[in-house]
Amino acid sequence: MDPSALKLGVAGAGSIGCYVGGELAARAGVDVVFLGRPRLAAELADHGLRLRALGEERGGVPPGGARVVVEPAALADRDLVLCCVKSAQTAEMARALTPHLRPGAVVVSLQNGVRNAVLLREHLDGRRVVGGIVDFNVISRGAGVFERTTDGPITLERPSSPAELALAQGLARAGLESRHVDDIGPHQWTKLLVNLNNAVSALSGAPTAELLLSRGYRRIIAAVVAEGLAVVRAKGVKPPALRGVPVGLMPAVLRLPTLLARLVLGRQIKVGADSRSSMWEDLTRGRPTEVDYLNGEIVRAAQAIPGVEAPLNAALVARVHEAERAGSGPPNLSAAALARAIGL
């Protein structure tokens with residue numbers, strides 16, 4: 001199947017869904033239908049879907065050109081659907097899609113966490129579900145602008161259908177780096193370990209670049225990741241290397257003096273000046289975060305293993321929930337204040 005013949009749906013058209021779907025529509029000629037809220041439909045009708053990557057304009061879809069629907073039934077003719085909802089909404093979205101997806105449709109999970117593909121399979125009546133990882137961050141700028149603020153690939157389970165092959169070709173045609181693996185589970189744990197810093201981003205309000213350049217924040221992230229790594233290893237998971245670097249070295253790299261850390265990290269990832277995590281964006285917009293499916297996943301795993309604890313990640317979960325209840329956005333804690341708040 002040629003990418004231009006692929007009928008693609010995006011279920012949960014937020015920042016990641018709009019960016020990936022927009023790239024496929026604008027640069028690979030894929031027929032894309034976005035399932036989103038009426039607010040998104042109005043925004044894209046007025047402004048179009050405009051794409052940026054690390055400050056570079058990447059075109060997009062003109063006003064009125066992006067098809068946004070609000071009912072899952074509109075995805076009934078899709079060959080493949082990208083599920084991009086927050087983890088807490090996965091089961092709900094699966095139940096909404098089940099009556100409408102055609103029998104041969106493939107669902108691809110482009111979500112954080114380690115359980116969403118499994119949950120989708122439980123609800124989608126035997127349809128093929130592909131696990132996926134998006135290794136870059138996207139921020140919604142408003143007025144139809146979606147900007148990728150870090151680099152990184154999309155990782156997918158190895159394709160086994162024409163629609164999946166067409167998606168892989170479409171990603172390549174759109175200029176989005178992608179790779180395929182046989183067992184995505186361990187890679188999801190690696191991504192989760194990296195995403196443990198999202199709570200630090202959300203509570204500090206600091207851009208990602210500042211987190212990486214601040215020895216105080218790096219010290220917190222190093223401790224949180226080291227704790228998570230110990231839990232994952234106790235669970236029997238061997239997380240693969242991240243961009244060629246063993247994930248077990250991450251805490252040590254973060255603890256290096258700032259000049260050395262900047263040199264090493266700068267070779268591993270490109271970060272926009274104002275890049276921030278999706279958890280920060282959720283707090284800013286007054287939405288529930290995914291902290292229970294990131295740091296909370298480490299806490300749950302520790303609770304299931306005798307003698308293993310994860311107090312730092314548990315404290316981050318509690319502090320993020322406090323910020324959610326307060327409803328006033330990120331609390332903008334300094335590194336010293338955040339360290340005290342989580343007992344470090």
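Quick caveat: nothing in here was measured; it's all calculated off a predicted structure.
The two residues Leu40 and Phe146 have their closest heavy-atom pair at CD1-CZ, 4.2 Å. Closest non-hydrogen pair, Cys84 versus Gly12, comes out as CB-O, 3.3 Å. Scanning both residues, Val308 and Ala234, for their nearest heavy atoms gives CG2-CB, 4.1 Å. Minimum heavy-atom separation, Val129 to Glu157: O-OE1, 3.8 Å. Taking each heavy atom of Cys83 and Met93 in turn, the nearest pair found is SG-CG, 4.3 Å. Gly170 and Pro3 get closest at one heavy-atom pair: N-CG, 3.6 Å.
A heavy-atom distance below 4.5 Å is found between the side chains of Thr98 and Arg127. A 4.5 Å side-chain heavy-atom check between Lys235 and Val231 finds every atom pair outside the cut-off. At a threshold of 4.5 Å between non-hydrogen side-chain atoms, the residues Val181 and Ile184 count as touching. Residues His47 and Pro63 have side chains not in contact (no heavy-atom distance under 4.5 Å, counting atoms from C-beta outward). With a 4.5 Å cut-off on side-chain heavy atoms, Arg78 and Asp31 count as touching. A 4.5 Å side-chain heavy-atom check between Arg128 and Val108 finds every atom pair outside the cut-off. Inter-residue side-chain proximity for Leu196 and Leu192 is flagged as met; some heavy-atom pair is nearer than 4.5 Å. The closest side-chain heavy-atom distance from Pro159 to Val130 is not below 4.5 Å.
Side chain of Glu43 to backbone of Gly144: a donor-acceptor contact under 3.5 angstrom is found. Counting only distance, with no hydrogens or angles, the side chain of Thr190 and the backbone of Pro240 share a donor-acceptor pair below 3.5 Å. Remark: side-chain polar atoms of Ser275 are not paired, donor with acceptor, to backbone N or O of Val271 under 3.5 angstrom. With hydrogens and angles disregarded, no donor-acceptor distance shorter than 3.5 Å links the side chain of Arg58 to the backbone of Leu51. Judged by distance alone, with hydrogens and angles left aside, the side-chain atoms of Ser204 form a donor-acceptor pair with the main-chain N or O of Val200 at under 3.5 Å. Using a distance-only test at 3.5 Å, with no hydrogens or angles considered, a donor-acceptor pair links the side chain of Glu147 to the main chain of Gly55. At distances below 3.5 Å, not a single donor-acceptor pair connects side-chain atoms of Glu177 with backbone N or O atoms of Ile154. Looking only at distances, a side-chain donor or acceptor of Thr90 sits under 3.5 Å from a matching main-chain atom of Ser87. The backbone N or O of Val194 sits less than 3.5 Å from a side-chain atom of Asn197, completing a donor-acceptor pair. Using modelled atom types, no side-chain atom of Arg50 and backbone atom of Val145 make a donor-acceptor pair closer than 3.5 Å.
A single hydrophobic cluster is seen to contain both Leu24 and Ile16, as judged by linkage of ILVMFWY side chains at heavy-atom distances under 4.5 Å, directly or through other members. Two different hydrophobic clusters hold Ile139 and Leu283 under the rule that ILVMFWY side chains link at heavy-atom gaps under 4.5 Å. The hydrophobic cluster containing Val118 does not contain Val114, counting ILVMFWY residues as joined when their side-chain heavy atoms lie under 4.5 angstrom apart, directly or transitively. Note: the hydrophobic cluster containing Trp280 does not contain Tyr217 (ILVMFWY, side chain heavy atoms under 4.5 Å, direct or indirect links). Leu212 and Leu249 fall into different hydrophobic clusters, where Ile, Leu, Val, Met, Phe, Trp and Tyr side chains are chained together by heavy-atom contacts under 4.5 Å.
For the atom pair Leu8 CG and Phe34 CZ, the distance stands at 8.0 Å (nearest 0.5 Å). The CD atom of Glu324 lies 8.5 Å from the CE atom of Met279; values are rounded to the nearest 0.5 Å. Taking CG of Leu167 as the reference point, atom CG of Leu82 lies at 6.0 Å (rounded to 0.5 Å). Summarising the geometry, atom CG belonging to Leu242 is positioned 6.5 Å from atom CG belonging to Asp135; distances are rounded to the nearest 0.5 Å. Taking CD of Glu164 as the start and CD of Gln169 as the end, the distance is 12.0 Å to the nearest 0.5 Å. Rounding to the nearest 0.5 Å places CG of Leu35 at 10.0 Å from NE2 of His100.
Judged purely by distance below 3.5 Å, without hydrogens or angles, the side chains of Ser278 and Glu290 never pair a donor atom with an acceptor atom. In this model, no donor atom of one side chain and acceptor atom of the other lie less than 3.5 Å apart for Ser109 and Asn116. Between the side chains of Tyr293 and Arg115, no donor-acceptor pair of N or O atoms lies under 3.5 Å.
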Solution key, residues 251-266 side-chain donor-acceptor pairs under 3.5 Å, sequence neighbours excluded:
| unit_1 | atom_1 | unit_2 | atom_2 | d |
| --- | --- | --- | --- | --- |
| Thr258 | OG1 | Arg218 | NH1 | 3.4 |
| Thr258 | OG1 | Arg218 | NH2 | 3.3 |

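The existence of a salt bridge linking Arg276 and Glu281 is excluded, since no basic side-chain nitrogen approaches an acidic carboxylate oxygen closer than 4.0 Å. Remark: Asp292 does not engage Lys86 in a salt bridge, criterion side-chain N to carboxylate O under 4.0 Å. Salt-bridge formation is not detected for the pair Arg95/Glu92: no Lys NZ or Arg NE/NH1/NH2 atom is positioned less than 4.0 Å from an Asp or Glu carboxylate oxygen. Between Arg141 and Asp274 there is a salt bridge, since at least one side-chain N of the basic residue sits less than 4.0 Å from a carboxylate O of the acidic one. No salt bridge links Arg233 with Glu227; every basic N to acidic carboxylate O contact stays at or beyond 4.0 Å.
Checked against Val33 for a side chain to side chain contact (heavy atoms under 4.5 Å, CB included), the options Val68, Val10, Val69 give a single hit: Val69. Checked against Asn295 for a side chain to side chain contact (heavy atoms under 4.5 Å, CB included), the options Leu316, Val320, Asn195 give a single hit: Leu316.
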(request) Assess whether side-chain contact (heavy atoms from CB on, under 4.5 Å) is satisfied between Lys238 and Trp189, documenting all intermediate values. (result) CA-CA 9 Å; Lys238 297 180 179 179; Trp189 281 103; over 6 Å; no

(request) Report the C-alpha distance between Asp79 and Lys7 in whole Å, list the side-chain angles of each, state the deciding distance to 0.1 Å, and finish with yes or no for salt bridge (charged side-chain N to carboxylate O under 4.0 Å, His left out). (result) CA-CA 5 Å; Asp79 304 306; Lys7 293 183 177 180; over 6 Å; no

(request) Could you go through the side-chain contact (heavy atoms from CB on, under 4.5 Å) check for Arg102 and Leu75 one step at a time? (result) CA-CA 9 Å; Arg102 63 182 187 79; Leu75 303 184; over 6 Å; no

(request) May I have the step-by-step check of side-chain contact (heavy atoms from CB on, under 4.5 Å) for Thr208 and Ser277, ending in yes or no? (result) CA-CA 7 Å; Thr208 303; Ser277 72; 5.8 Å; no

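Within 6.0 Å of CZ on Arg287 lie more than 12 heavy atoms contributed by other residues, nucleotides or ligands. Residue-environment remark: CD (Glu322) exceeds the threshold of 12 foreign heavy atoms within 6.0 Å. For CD of Glu57, the number of neighbouring non-hydrogen atoms (other residues, nucleotides, ligands) closer than 6.0 Å is greater than 12.
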